[in-house]
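What follows is a short report on a single structure.
For this chain, numbers begin at 1 and follow the sequence in order.
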Amino acid sequence: QARSRQPLRTFAECQDFVGGVRRVLDAVTPPVRAAIAITGQPAFVAENTSAMKSDISVMVILATVLTALVLLLFYRSQSALLWMTIVLVLALLAGAIAARVLFDELNVISIAFASILIGLGSDYCIFVYHFYGVAHADFAGEWRRTARSIWLSATATALAFGMLYFSSLPGLQQLVILIGVGLLA
């Protein structure tokens with residue numbers, strides 16, 4: 001039975017530990033290695049986090065490509081797509097930085113669910129672009145009123161997510177900060 005000298009608290013520590021155990025097992029002859037299975041909390045965490053990272057990467061790339069494709073097909077504007085991407089990246093960065101400052105480490109599941117911010121942010125960006133970039137020429141005159149409604153909507157959504165901060169689960173608390181700060185950014 002293999003045991004770590006110190007507690008394994010993070011995903012990376014679990015992956016490193018399981019990788020070290022696998023390297024030791026690789027030194028054993030192949031027939032013996034086939035009969036040995038790695039189990040326990042570090043193996044479970046290492047296997048699931050690598051699968052989650054892969055799934056998250058595929059989903060974010062697919063969502064980004066599909067959203068970009070729809071925006072390009074509907075509006076035929078590369079500049080709208082570029083500005084929307086910049087706004088969304090800045091919102092995600094603001095949320096991740098705020099959550100990282102408040103919590104020493106971020107939960108992979110929290111980061112995965114923070115992709116909700118991409119959908120919410122895309123909705124706001126599409127609304128602004130459609131209303132002001134396509135439908136109205138009087139951008140300056142109407143912007144103040146619309147900006148207030150967008151701030152109110154983003155604040156209401158951030159506060160609704162904010163109720164999850166009172167959960168005992170650190171992952172939900174991290175998600176609140178990621179989404180709330182990202183929406184307001």
Side-chain angles (χ1 to χ4, degrees), residues 11-12 48-185:
F11 299 119
N48 285 330
T49 56
S50 62
M52 276 192 268
K53 286 180 182 179
S54 171
D55 291 347
I56 290 167
S57 299
V58 168
M59 287 185 291
V60 167
I61 290 169
L62 185 60
T64 302
V65 168
L66 289 175
T67 303
L69 185 62
V70 167
L71 192 69
L72 286 173
L73 288 172
F74 192 74
Y75 291 115
R76 292 185 169 80
S77 172
Q78 292 177 353
S79 65
L81 178 61
L82 176 67
W83 282 110
M84 188 170 101
T85 303
I86 290 169
V87 167
L88 291 175
V89 166
L90 291 175
L92 286 168
L93 282 174
I97 289 169
R100 183 73 179 175
V101 167
L102 291 174
F103 302 94
D104 287 337
E105 57 192 28
L106 296 179
N107 188 319
V108 172
I109 296 171
S110 299
I111 294 171
F113 282 111
S115 62
I116 294 167
L117 185 57
I118 295 172
L120 292 169
S122 295
D123 290 345
Y124 292 129
C125 290
I126 290 169
F127 169 76
V128 169
Y129 180 74
H130 179 77
F131 193 71
Y132 293 108
V134 177
H136 279 286
D138 183 22
F139 179 78
E142 293 287 325
W143 176 245
R144 284 192 191 136
R145 185 173 58 220
T146 305
R148 282 193 304 260
S149 66
I150 290 173
W151 273 103
L152 178 62
S153 177
T155 302
T157 305
L159 289 173
F161 271 102
M163 296 299 114
L164 295 174
Y165 190 81
F166 300 105
S167 166
S168 61
L169 301 173
L172 286 178
Q173 294 171 342
Q174 293 171 8
L175 180 63
V176 166
I177 301 302
L178 285 163
I179 297 290
V181 171
L183 272 175
L184 297 177

Donor-acceptor pairs under 3.5 Å, side chain of residues 147-154 to any protein atom, not counting sequence neighbours: which ones?
residue: Ser149; atom: OG; partner: Thr146; partner atom: O; Å: 2.7
residue: Ser153; atom: OG; partner: Tyr124; partner atom: OH; Å: 3.0

Discussion item. Using 0.5 Å steps for rounding, measure from the OH atom of Tyr165 to the CG atom of Leu102.
Written reply: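 It comes to 6.5 Å.
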
Considering only distance and modelled atom types, tabulate donor-acceptor pairs under 3.5 Å from the side chains of residues 78-96, sequence neighbours left out.
residue: Ser79; atom: OG; partner: Ser77; partner atom: OG; Å: 3.3
residue: Thr85; atom: OG1; partner: Leu81; partner atom: O; Å: 2.8

Discussion item. As a quick check of understanding, evaluate side-chain contact (heavy atoms from CB on, under 4.5 Å) for Thr155 and Leu159, giving each step before the final call.
Written reply: CA-CA 6 Å; Thr155 302; Leu159 289 173; 4.0 Å; yes

Only pairs under 3.5 Å count here: list side-chain donor-acceptor contacts from residues 177-185, not counting sequence neighbours, and write none if there are none.
none

Practice prompt. Check side-chain contact (heavy atoms from CB on, under 4.5 Å) between Leu169 and all other residues, then give those that pass, not counting sequence neighbours.
Written response: Ser167, Leu172

Worksheet item: Minimum heavy-atom separation for Phe161 to Val176, with atom names?
Response: O-CG2, 3.0 Å

